[in-house]
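These numbers were taken from a predicted model, which means no experiment stands behind them. Side chains are part of it too, since the values below use all heavy atoms of this structure and drop only hydrogens, waters and symmetry mates.
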Amino acid sequence: MDLIIEMCDRPQRPIVLIERLNEPYGWALPGGFVDYGESVETAALREAKEETNLAVTLIEQFYVYSDPDRDARQHTLSIVFIATATGEATAQDDAKSLAMMNAWEMPESLCFDHAKILQDYWRYRHYGHRPRLSV
């Protein structure tokens with residue numbers, strides 16, 4: 001599960017990215033694994049707090065990404081949520097550092113399939129087009 005956290009108290013509503021402390025290294029959306037007995041919504045709130053110290057509001061479930069090659073460590077799928085937050089984000093838990101970025105400021109290299117997720121998100125935010133199912 002991953003989160004696109006929009007900082008709604010900042011101009012242009014930048015999103016939060018974390019620099020990963022653990023492999024694979026690099027920039028990524030906040031997120032993580034769902035614990036046994038935990039709902040994906042509860043996991044999203046927990047991971048946001050653990051990695052960014054933000055109490056987020058989940059706005060919508062954006063899309064599910066399930067390409068078997070999206071994570072080189074193992075086959076995982078990600079339910080991506082769009083969330084909002086206010087306040088001061090700080091890198092916590094397995095986040096080495098944290099940044100708030102706009103579309104034109106994105107790092108060249110993002111972990112996993114997060115570049116695709118963010119491309120889909122920006123298209124959705126600017127044009128209202130959701131990702132299309134592909135088989």
field: Residue pairs, two or more places apart or on separate chains, that pass ring pair (Phe, Tyr, Trp, His ring centres under 6.0 Å) and touch residues 82-115
entry: Phe112-His114
So [Y] and [X], do their side chains get closer than 4.5 Å, heavy atoms only?
X: Val80; Y: Met1; value: no
X: Leu77; Y: Val64; value: yes
X: Met106; Y: Met101; value: yes
X: Ile15; Y: Ile5; value: no
X: Met7; Y: Pro14; value: yes
X: Ile82; Y: Arg125; value: yes
X: Ile79; Y: Gln61; value: yes

query: Hey, is the main chain of Ala48 close enough, under 3.5 Å, to the side chain of Glu51 for a donor-acceptor pair?
result: no
task: Determine yes or no for a side-chain-to-main-chain donor-acceptor pair under 3.5 angstrom, with Tyr63 supplying the side chain and Phe81 the backbone.
output: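 Absent.
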- prompt: What residues, two or more places apart in sequence or in another chain, satisfy ring-ring contact (aromatic ring centres under 6.0 Å, His included) together with Tyr124?
  reply: Phe62
Compare every heavy atom of [Y] with every heavy atom of [X], then report the nearest pair and how far apart it is.
X: Ala89; Y: Leu54; value: CB-CD1, 3.7 Å
X: Ala85; Y: Val56; value: CB-CG1, 4.1 Å
X: Ala55; Y: Lys49; value: N-CD, 4.4 Å
X: Asp9; Y: Gly87; value: OD2-N, 2.9 Å

query: Could you walk me through whether Arg46 and Glu38 pass the side chain to side chain contact (heavy atoms under 4.5 Å, CB included) check?
result: CA-CA 10 Å; Arg46 175 182 53 77; Glu38 183 179 46; 2.8 Å; yes
Output all residues satisfying side-chain hydrogen bond (donor to acceptor under 3.5 Å, both in side chains) with [X], sequence neighbours left out; order by chain, then residue number.
X: Asp120; value: Tyr65, Lys116, Arg123
X: Gln119; value: none
X: Thr52; value: none
X: Lys96; value: none

With sequence neighbours excluded, tell me which residues meet side-chain contact (heavy atoms from CB on, under 4.5 Å) with [X].
X: Thr84; result: Glu6, Cys8, Arg13, Thr57, Ile59
X: His75; result: Pro68
X: Ser39; result: Glu41, Thr42
X: Ala91; result: Ala95, Leu98

Rounded at 0.5 Å granularity, tell me how far [atom1] in [X] sits from [atom2] in [Y].
X: Leu110; Y: Leu17; atom1: CG; atom2: CG; value: 6.5 Å
X: Ser97; Y: Arg20; atom1: OG; atom2: CZ; value: 12.5 Å
X: Glu50; Y: Asp93; atom1: CD; atom2: CG; value: 5.0 Å

message: Run the salt bridge (charged side-chain N to carboxylate O under 4.0 Å, His left out) test against Arg130 and tell me which residues pass, sequence neighbours left out.
response: Glu60
message: Is there a side-chain hydrogen bond (donor to acceptor under 3.5 Å, both in side chains) between Thr90 and Glu88? Walk through the geometry before answering.
response: CA-CA 6 Å; Thr90 57; Glu88 293 304 316; over 6 Å; no
message: Looking at Arg73, I want to see if its CZ is surrounded by more than 12 non-hydrogen atoms of other residues, nucleotides or ligands under 6.0 Å.
response: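 More than 12 heavy atoms, drawn from other residues, nucleotides or ligands, come within 6.0 Å of this atom.
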Please tabulate, one pair per line, all N/O donor-acceptor pairs under 3.5 Å involving side-chain atoms of residues 21-34, not counting sequence neighbours.
none

query: Between Leu3 and Leu45, is there a shared hydrophobic cluster once you connect ILVMFWY residues whose side-chain heavy atoms come closer than 4.5 Å?
result: yes
